[in-house]
Undergrad: 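Sharing a structure here in structure tokens format.
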Amino acid sequence: MRVMIVKDYDEMSREAAKIMAKQMKTKPNSVLGLATGGTPVGTYRELIRMDLDFSGLTTFNLDEYYGLGPDHRQSYHHFMFDNLFNHVNMNPERVHIPDGRAKDVKAFCEKYEDEIKRAGGIDLQLLGIGRDGHIAFNEPGSSLTARTQLVALAEETIEDNARFFDRKDDVPSFAISMGCGTIMEARKLLLLANGEGKADAVAALIEGPITSQITASVLQMHPDATVIIDEAAASKLKRRGYYKHTDRLFRDLEEKGGR
Ligand code: F6R
């Protein structure tokens with residue numbers, strides 16, 4: 001796992017956008033896995049600013065609140081169009097976001113998995129992390145091999161996400177979410193985290209044991225995972241100095257065209 005510790009949210013967003021832009025330029029028909037929430041907003045803003053070509057891309061989002069239709073202001077569907085797709089030349093027909101209104105959820109989840117396979121698999125999956133260590137909505141105790149499924153949100157997640165809703169009671173209790181097994185099949189993973197509130201989860205993800213209690217810890221088993229975190233989110237890591245040192249070495253090598 002490559003760990004990049006940066007100064008703040010803006011630098012995290014710029015570094016993440018650089019990695020995503022590189023993927024898009026190297027493979028214009030890339031399949032990107034996308035995330036929502038507060039963390040990736042700056043990265044999307046940066047991608048819009050870079051004026052990149054999105055026309056050949058296919059995208060799959062990690063999750064959607066169960067019960068919310070695409071027009072609901074707090075749906076992740078709405079979020080994605082508002083924060084990214086409405087501002088770039090993305091073909092809406094190649095945008096995939098779980099259908100929060102699916103009648104037959106099981107059949108829908110199987111179809112979602114099939115669509116990812118038919119698209120050739122995800123090249124680069126962007127991820128955030130919850131305070132309880134979740135990726136997508138794979139809450140503590142969720143299987144590390146799970147596929148896309150209906151999941152119940154943890155109380156902590158409902159509290160955290162209440163900031164996007166008028167009232168806490170409006171936050172849906174369920175979501176349709178890619179499973180850790182789905183996420184682990186992406187060729188590259190890019191997880192972002194910022195702020196002190198994420199420091200415990202980040203320490204557990206990078207330095208803790210691999211456990212379904214911190215589903216993000218499954219990234220330790222991925223052959224190509226990068227984690228970009230700001231100083232505050234990195235504050236509880238024991239080997240901060242080591243990560244900074246190796247990151248500097250890799251950056252030097254990259255500048256010389258060695259990677
Ligand atoms: C969002 C998602 C979640 C968030 C996580 C962090 O699609 O899958 O795992 O990445 O809850 O949310 P923020 O970025 O709002 O702190």
Side-chain angles (χ1 to χ4, degrees), residues 8-10 12-13 16 20 32-46 59-66 68 70 72 74-85 95-100 109 112 122 124-142 144 146-165 168 171-184 186 189-202 204-205 212 214-219 225 227-230 232-233:
D8 54 19
Y9 181 81
D10 289 343
M12 176 194 82
S13 304
M20 293 182 74
L32 297 185
L34 299 176
T36 57
T39 310
V41 171
T43 305
Y44 295 151
R45 210 180 295 136
E46 197 59 28
T59 63
F60 286 91
N61 263 77
L62 287 170
D63 38 26
E64 176 61 284
Y65 288 118
Y66 182 59
L68 302 195
H72 193 287
Q74 272 78 30
S75 72
Y76 284 165
H77 201 101
H78 191 272
F79 174 101
M80 285 311 299
F81 279 85
D82 211 29
N83 285 288
L84 182 63
F85 298 142
V95 168
H96 302 81
I97 303 170
D99 178 3
C109 293
Y112 204 65
I122 293 171
L124 173 64
Q125 175 68 57
L126 185 63
L127 298 163
I129 182 170
R131 271 195 307 140
D132 62 4
H134 69 223
I135 46 172
F137 277 134
N138 295 286
E139 299 287 26
S142 166
L144 298 181
R147 314 302 307 187
T148 302
Q149 60 178 342
L150 185 72
V151 295
L153 303 188
E155 189 58 27
E156 205 172 356
T157 302
I158 291 180
E159 272 162 27
D160 286 346
N161 291 4
R163 69 191 196 277
F164 297 112
F165 291 78
K168 187 182 151 199
V171 184
S173 307
F174 293 93
I176 294 178
S177 174
M178 278 188 205
C180 285
T182 321
I183 293 168
M184 286 294 282
L189 299 180
L190 175 58
L191 184 143
L192 311 180
N194 68 287
E196 221 181 306
K198 299 286 175 74
D200 283 319
V202 164
L205 142 70
S212 65
I214 301 284
T215 56
S217 65
V218 75
L219 261 69
V227 175
I228 310 180
I229 47 183
D230 71 353

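If you read the sequence from its start, that first residue is 1, and numbering goes on from there. Read the numbers this way: they start at 1 and go in the same order the structure lists the ligands and their atoms.
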Undergrad: Distance under 4.0 Å to a non-hydrogen atom of G37: what atoms of ligand 1 satisfy this?
TA: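 So the atoms of ligand 1 that pass are 14 (O), 15 (O).
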
Undergrad: Checking the N or O distance criterion of under 3.5 Å, is ligand 1 in contact with R163?
TA: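 In this structure, R163 places an N or O atom under 3.5 Å from an N or O of ligand 1.
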
Undergrad: Pick from L219, V218, I122: which one makes a side-chain contact (heavy atoms from CB on, under 4.5 Å) with L189?
TA: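 Option passing the side-chain contact (heavy atoms from CB on, under 4.5 Å) with L189: L219.
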
Undergrad: Are any non-hydrogen side-chain atoms of C180 and I135 less than 4.5 angstrom apart?
TA: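 A side-chain contact exists here, since the closest heavy-atom pair is under 4.5 Å.
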
Undergrad: Given H134, E64, M80, which one has a non-hydrogen atom that is nearest to atom 5 (C) of ligand 1?
TA: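 Going through H134, E64, M80 one by one, H134 has the nearest heavy atom to atom 5 (C) of ligand 1.
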
Undergrad: Verify whether the ring centers belonging to F164 and Y65 lie closer than 6.0 Å.
TA: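 Judged by ring-centre distance (under 6.0 Å), F164 and Y65 do not meet the cut-off.
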
Undergrad: Looking only at protein heavy atoms, which one is nearest to atom 12 (O) of ligand 1, and how far off is it?
TA: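 Going by distance alone, atom 12 (O) of ligand 1 is nearest to K198 NZ, 4.3 Å.
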
Undergrad: Locate the shortest heavy-atom distance separating P98 from Y112; write the atom from each residue and the value.
TA: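 Result for this residue pair: CD-OH, 3.2 Å.
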
Undergrad: Is the shortest side-chain heavy-atom distance between V95 and F81 below 4.5 Å?
TA: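 SC-SC contact between V95 and F81 confirmed.
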
Undergrad: Crowded around E196 CD? As in, over 12 foreign heavy atoms under 6.0 Å?
TA: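 It does not: E196 CD has 12 such atoms or fewer within range.
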
Undergrad: What part of D63, side chain from CB on, backbone N/CA/C/O, both or neither, has a heavy atom under 4.0 Å from ligand 1?
TA: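 Within the 4.0 Å criterion, D63 contacts ligand 1 through side-chain atoms alone.
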
Undergrad: Could you identify the single nearest non-hydrogen protein atom to atom 1 (C) of ligand 1 and state the distance to 0.1 Å?
TA: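 In this structure, atom 1 (C) of ligand 1 has T36 OG1, 3.2 Å as its nearest protein heavy atom.
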
Undergrad: Starting from atom 6 (C) of ligand 1, which protein heavy atom do you reach first, and at what distance in Å?
TA: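 Result: I129 O, 3.4 Å.
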
Undergrad: For ligand 1, which atoms have a heavy atom of G38 less than 4.0 angstrom away?
TA: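 Going through ligand 1 atom by atom, the ones under 4.0 Å from G38 are 13 (P), 14 (O), 15 (O).
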
Undergrad: Side chain or backbone of L62 under 4.0 Å from ligand 1, or both, or neither, by non-hydrogen atoms?
TA: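 For L62, the contact with ligand 1 is made by the side chain alone.
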
Undergrad: Could you work out, for atom 9 (O) of ligand 1, the closest of G128, S177, G195, A136 by heavy-atom distance?
TA: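 The nearest heavy atom belongs to A136.
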
Undergrad: T39 versus ligand 1: do any nitrogen or oxygen atoms come within less than 3.5 Å of each other?
TA: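 N/O-N/O distance under 3.5 Å: yes.
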
Undergrad: Using a 4.0 Å heavy-atom cut-off, which part of R131 comes near ligand 1: side chain, backbone, both, or neither?
TA: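 For R131, there is no contact with ligand 1 at all, from either part.
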
